[in-house]
Amino acid sequence: MEPACRKDKPKLNSTPTRGDRARQKSAQQEHKQRQRAEIYALNKVMTELEQQQFESFCKQMQSQGE
Amino acid sequence: MTGPTSPSRTGTSSAKLSRHGRSKSTSAHCLLRCAAREESAASSPNNGARSPGEEEEKDGGVLFYVNRTGFPIEGVTWERMWSHVAVVHPEGQEMADRIRNAAYLPKHHVPSVPTFKPSMSVPDWLVSIQNYMKALQYNHTGTQFFEVKKSRPLSGLMETAREMIRESLPIKCLEAVILGIYLTNGLTSLERFPISFKTQFSGHCFHHVVLGVYCNGRYGSLGMSRRPDLMDKPLAHRTLGELVAEFESSYKRYQHTLKKVKIGLYVPHDPHVFQPIEWKHLVLNAARLGAQEMRKELEKHGRDMRMKFAAVTHTHTRTQRHTHRDTQRHTHKNTDRLWRNLCCSPKNVDQFI
């Protein structure tokens, strides 16, 4: 191949660069942080639900006992 | 522990139901496991309130999911978690969307991992560990975030414990036992052993596990549960029988009848040990044994464990006379061998099934 053609030949570089890897890692970290925030928000709601159900069950058992 | 009438997930036919171990799954998806889980102290017939005590794969259970693919949680597992809570919660999808679509969610503080200081007493250290676990919170989402296989070598489970600390997410009772072991490793004056409970409520069986601890003639426990009196107990109980009786008494408050108690052996402090935790060295059928007989067996087991520990410690001291390099190799192998030799087959008292 002539040198001119070689210069025009596009680079087939599929290897991620260091910058790409750092960006990927950062994106992954953010994704994890968002998941963690959602998990704790969800856990708060589900904990409250469980507590409500437990209290209403206790009341039910108490009234049955009486 | 989920109650027997918790909402069932009949729409999850695409999920696999697995009762035993999951490591061979080729699917990246989490598996659905039938679990007797811990929730409210008792379940009401209609609203799905749940009962305390929790483990896995047992009757009277409610389906729950397990994340097997690490972090960040992959798509299928994540979506399944949200689908599950949308079914369980009265506000359904609206609740789920409110959280998922929130532009801003408060960042839950990452609790500091407790660090042992020489000036700390053992009880103080246990309180510090328990506070850390409480700060992680009990996991009510219906999806277990860390996969714990009880048959795994201790070294592997310690890696899972490190992951729990790294990811800092809510945990359930079995995860708390593993984490408790990890955080008490090295405190050689403290012995740790699993205590598993099988209870019955309204015709259904429920399972739970805590980490029993023993130090200087006193027993206590670490753990996580939906109910505060089914987890940590102070190092104040003179005998193992007393500690178990305390749990039984707590269960009675929730109208749970204790059916079986399984006591494991002391867990080695060496985090690199290859052998698995011995979860059920002593199995007691509480339904068949009287209270006194149970106490007697538990106290005997406590004495046996202390004697076996003394034997292992003595032999371990002898192996330390090797060169440092040899000791590294020998310590792990010898510790494994010694524990295997001392672990006879589980003692089933009164024809435990």
Would A:Lys32 and B:Ile73 count as a side chain to side chain contact (heavy atoms under 4.5 Å, CB included) if you check the C-alpha gap in whole Å, the side-chain angles of each, and the deciding distance to 0.1 Å?
-> CA-CA 8 Å; A:Lys32 274 170 58 168; B:Ile73 297 170; over 6 Å; no
For A:Leu49, is it the side chain, the backbone, both, or neither that has a heavy atom closer than 4.5 Å to a heavy atom of chain B?
->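 It is the side chain, since no backbone atom gets that close.
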Nearest 0.5 Å, what's the [atom1]-[atom2] distance between [X] and [Y]?
X	Y	atom1	atom2	value
B:His89	A:Met46	NE2	CE	6.5 Å
B:Thr141	A:Glu38	OG1	CD	12.5 Å
A:Cys58	B:Arg253	SG	CZ	12.0 Å

Among the listed options B:Phe145, B:Phe71, B:Trp82, the residue most often paired with chain A at heavy-atom distances under 4.5 Å |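 Highest number of pairs under 4.5 Å: B:Trp82.
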Greatest number of heavy atom pairs closer than 4.5 Å to chain A - which of B:Ala102, B:Pro90, B:Pro72 =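 Most heavy-atom pairs under 4.5 Å with chain A: B:Pro72.
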Are side-chain heavy atoms of [X] and [Y] found at a separation under 4.5 Å?
X	Y	answer
B:Leu169	A:Gln35	no
A:Arg34	B:Leu105	yes
B:Met81	A:Ile39	yes

Parallel, tilted or perpendicular: which fits the ring planes of A:Phe57 and B:Phe201, with parallel below 30° and perpendicular above 60°?
-> perpendicular
So, A:Arg36 and B:Glu167, do they make that salt bridge, N to O below 4.0 Å?
-> no
Which atoms of B:Arg98 come close to chain A, meaning under 4.5 Å heavy atom to heavy atom: side chain ones, backbone ones, both, or neither?
-> neither
Side chain, backbone, both or neither: which part of B:Pro106 has a non-hydrogen atom closer than 4.5 Å to chain A?
-> backbone
How close do B:His140 and A:Thr47 get, heavy atom to heavy atom, and via which atoms?
->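 So the two residues come closest at ND1-OG1, 3.0 Å.
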Is there a side chain to side chain contact (heavy atoms under 4.5 Å, CB included) between A:Tyr40 and B:Ile99 once you walk through the steps?
-> CA-CA 10 Å; A:Tyr40 273 104; B:Ile99 295 172; over 6 Å; no
